[in-house]
Amino acid sequence: MDIAWLLGGVAFFVGSCGLVHFLGSLRAED
Amino acid sequence: MTANGLPQLAIYLGILLACVKPLGSYMAKAYSGSATFLDRIIGPWERLFYRFCGIDKSAEMTWQQYSVAVLSFSLLSFLTVYAVQRMQGWLPLNPESLPAITPDLSFNTAVSFTTNTNWQGYGGETTMSYFTQMLALTVQNFLSAAAGMAVLIALIRGFMRHATETIGNFWVDMVRGTLYILLPLSLLLAVALVSQGVVQTFGSYHEVPLLEPTVDAEGNQIKTQTIATGPAASQIAIKQLGTNGGGFFNANSAHPLENPTPLSNLLQLLAILLIPAALCYTFGEMVGDRRQGWAILAAMLAIFIPLLAIATIAEQSSNPVLAHLGVDQSPSDTQPGGNMEGKETRFGIVNSSLWAVATTAASNGSVNSMHDSYTPLGGLVPMWLMQLGEVIFGGVGSGLYGMLMFAIVAVFLSGLMVGRTPEYLGKKIGAFEMKMASLAILFPCAMVLVGTAVAVVSASGRATIFNPGPHGFSEVLYAFSSAGNNNGSAFAGLGANTPFYNGLLGLAMLVGRFWVMLPVLAIAGSLAAKKTVPVGPGTLPTHTPLFVVLLVAVVIVVGALSFFPALALGPIVEHLTATTN
């Protein structure tokens with residue numbers, strides 16, 4: 001059970017790093 | 001409103017506004033690296049900390065580097081708080097031998113304290129050891145608050161700087177915010193609270209005889225009561241100053257050992273809005289035009305004061321259901337009148353309503369009365385304040401950067417009206433800034449509405465809604481409004497400590513925090529790279545009453561359009577039902 005909840009939290013933060021990259025690409029297009 | 005209510009509210013606001021300039025000016029110095037009167041005491045500790053952690057204080061970060069630093073620091077915070085809770089049974093300072101927290105609740109609480117929300121799916125005194133309260137939760141109260149303030153300062157640097165790619169150093173902003181602002185203020189407040197009777201001890205709980213023995217639900221006689229204590233004052237000080245809100249005890253600041261006297265109540269109330277209000281002045285000072293900060297503060301007050309009046313009047317008016325039964329609810333020498341359900345007699349209606357409005361205007365979430373027991377209209381006000389995006393004062397740092405997103409939208413709309421390129425504080429607002437501001441405003445709205453919808457249509461969500469009808473819907477809507485906007489207060493009544501709610505509310509808290517911060521930092525980076533445009537005849541002045549009105553209108557219209565349908569299904573229909581039946 002711990003693994004599932006921990007992975008969920010880690011996945012969010014890793015995904016948020018992807019969001020940083022995506023927002024950066026939006027700015028580059030602008 | 002009663003005659004003694006108005007002066008109480010006026011005195012509170014007067015003291016609060018008197019603190020704005022001195023504290024705001026001090027914070028501007030602290031974040032600019034200018035000399036402060038605490039340099040002699042804190043300076044050596046700051047330098048030692050940089051050396052120990054290998055931080056180069058002169059190193060600058062781009063907005064992407066700043067964002068990744070925020071995320072990685074918060075991930076480490078999440079993992080630490082989770083681990084401490086899961087290992088609680090083996091760790092020291094646990095005189096009541098409290099066991100480890102369940103995985104889903106550990107996840108929810110770790111997310112809650114990392115995101116500065118402090119939503120509590122647990123009762124502090126029956127769940128958390130002193131070790132967990134101090135080294136996991138209280139530490140996060142400082143760090144999550146400092147992180148919010150750091151992001152605000154990075155945004156302010158975006159307005160201040162021109163033709164550069166960098167917006168400061170996250171680690172330096174964290175250290176200075178914690179050492180120069182949060183720690184000294186918390187120390188002062190904690191000592192003041194101890195003087196009023198707030199407990200601060202490592203001693204175990206007390207078993208005391210009841211003055212009047214009673215019986216439990218099974219008819220067994222109860223002769224004693226367990227009085228929980230602990231290191232509460234140190235946690236309560238930062239819980240208010242950092243707009244965290246997580247109570248040491250389950251009843252939060254309604255508990256007599258967490259908020260014993262009218263003076264402790266006033267001090268805590270002031271602490272809730274102190275830093276968010278003063279940061280407006282800091283903003284004005286740092287961008288070189290104090291009028292800009294006052295204008296933002298005026299817009300916040302223009303929404304705060306009428307909503308405070310509505311909530312207070314709603315609670316001082318009689319409960320319509322009891323009125324139908326012919327119960328006398330008028331104020332007199334023998335009763336306060338109005339709706340006293342869920343309120344402490346030592347605080348009364350005015351100080352309970354003021355707290356409810358202040359704690360939801362700021363993303364604080366501590367309570368000194370139970371919001372679930374408010375009249376439908378009285379309860380609507382705190383709920384809507386959260387739904388406005390926690391920008392009316394809001395969380396430390398997060399409230400002001402949220403309000404600045406609305407300011408960007410306001411100048412964009414006014415630019416559309418007059419056909420000119422919008423600009424704010426000398427920076428042209430382009431398509432990228434508008435996209436980012438829209439994301440920062442819409443992410444929390446989406447989490448609140450989608451989360452509520454999922455909860456009420458799924459069997460897992462409905463299983464723990466114990467109040468049928470519109471009030472049950474209000475409880476769910478309130479929970480997601482609180483989580484999605486990082487407030488942390490609850491309507492109670494809803495059984496939220498289930499894997500379903502712990503997971504979904506946890507996701508709402510994460511999105512409401514970090515997916516707002518990232519567009520804000522992107523705007524900071526974009527603005528920093530732009531040249532500053534001199535003020536021209538077509539520039540909209542953003543320090544005037546006209547702009548204040550425009551900003552207030554944008555905040556209200558966005559909040560009303562987003563949430564009116566949902567509010568109509570909850571508190572509004574509940575109010576109409578109570579008054580017409």
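Residue numbers start from 1 in every chain, and the chains themselves are labelled A, B, ... in the order their sequence lines are given, proteins ahead of strands. Keep in mind the model is a prediction, meaning the values are calculated, not measured.
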* **Residue, of A:Asp2, A:Val20, A:Leu6, that accumulates the most heavy atom pairs under 4.5 Å with chain B** => A:Asp2

* Check ion pair B:Glu60-B:Arg157 (N to O, under 4.0 angstrom) -> no

* Checking heavy atoms, do the side chain of A:Val10, its backbone, both or neither come under 4.5 Å from chain B? -> both

* **Point-to-point distance, once rounded to the nearest 0.5 Å, from CH2 of B:Trp63 to CZ of B:Phe170** => 15.5 Å

* Asked: Any luck finding a side-chain donor-acceptor pair between B:Ser129 and B:Thr132 under 3.5 Å?
  -> yes

* Asked: Checking B:Phe432 against chain A: side chain, backbone, both or neither under 4.5 Å from a heavy atom?
  -> both

* **Geometric class of the A:Phe13/B:Phe78 ring pair [parallel <30°, tilted 30-60°, perpendicular >60°]** => tilted

* According to the interplanar angle, ranging from 0 to 90°, do the rings of B:Trp515 and A:Phe12 count as parallel (below 30°), tilted (30 to 60°) or perpendicular (above 60°)? -> parallel

* In terms of heavy-atom proximity below 4.5 Å to chain A, should B:Asp104 be classed as side chain, backbone, both, or neither? -> both

* Asked: Which answer fits B:Leu439, side chain, backbone, both or neither, if we ask what part of it has an atom under 4.5 Å from a heavy atom of chain A?
  -> side chain

* Measure distances from B:Thr102 to the heavy atoms of chain A and classify the residue's part below 4.5 Å as side chain, backbone, both or neither. => neither

* Structure fact -> Scored by heavy-atom pairs under 4.5 Å with chain A, the best of B:Ala431, B:Ala522, B:Ser74, B:Ser72 is B:Ser74

* Structure fact -> The reported gap from CD in B:Gln140 to CG in B:Asn118 (rounded to nearest 0.5 angstrom) is 9.5 Å

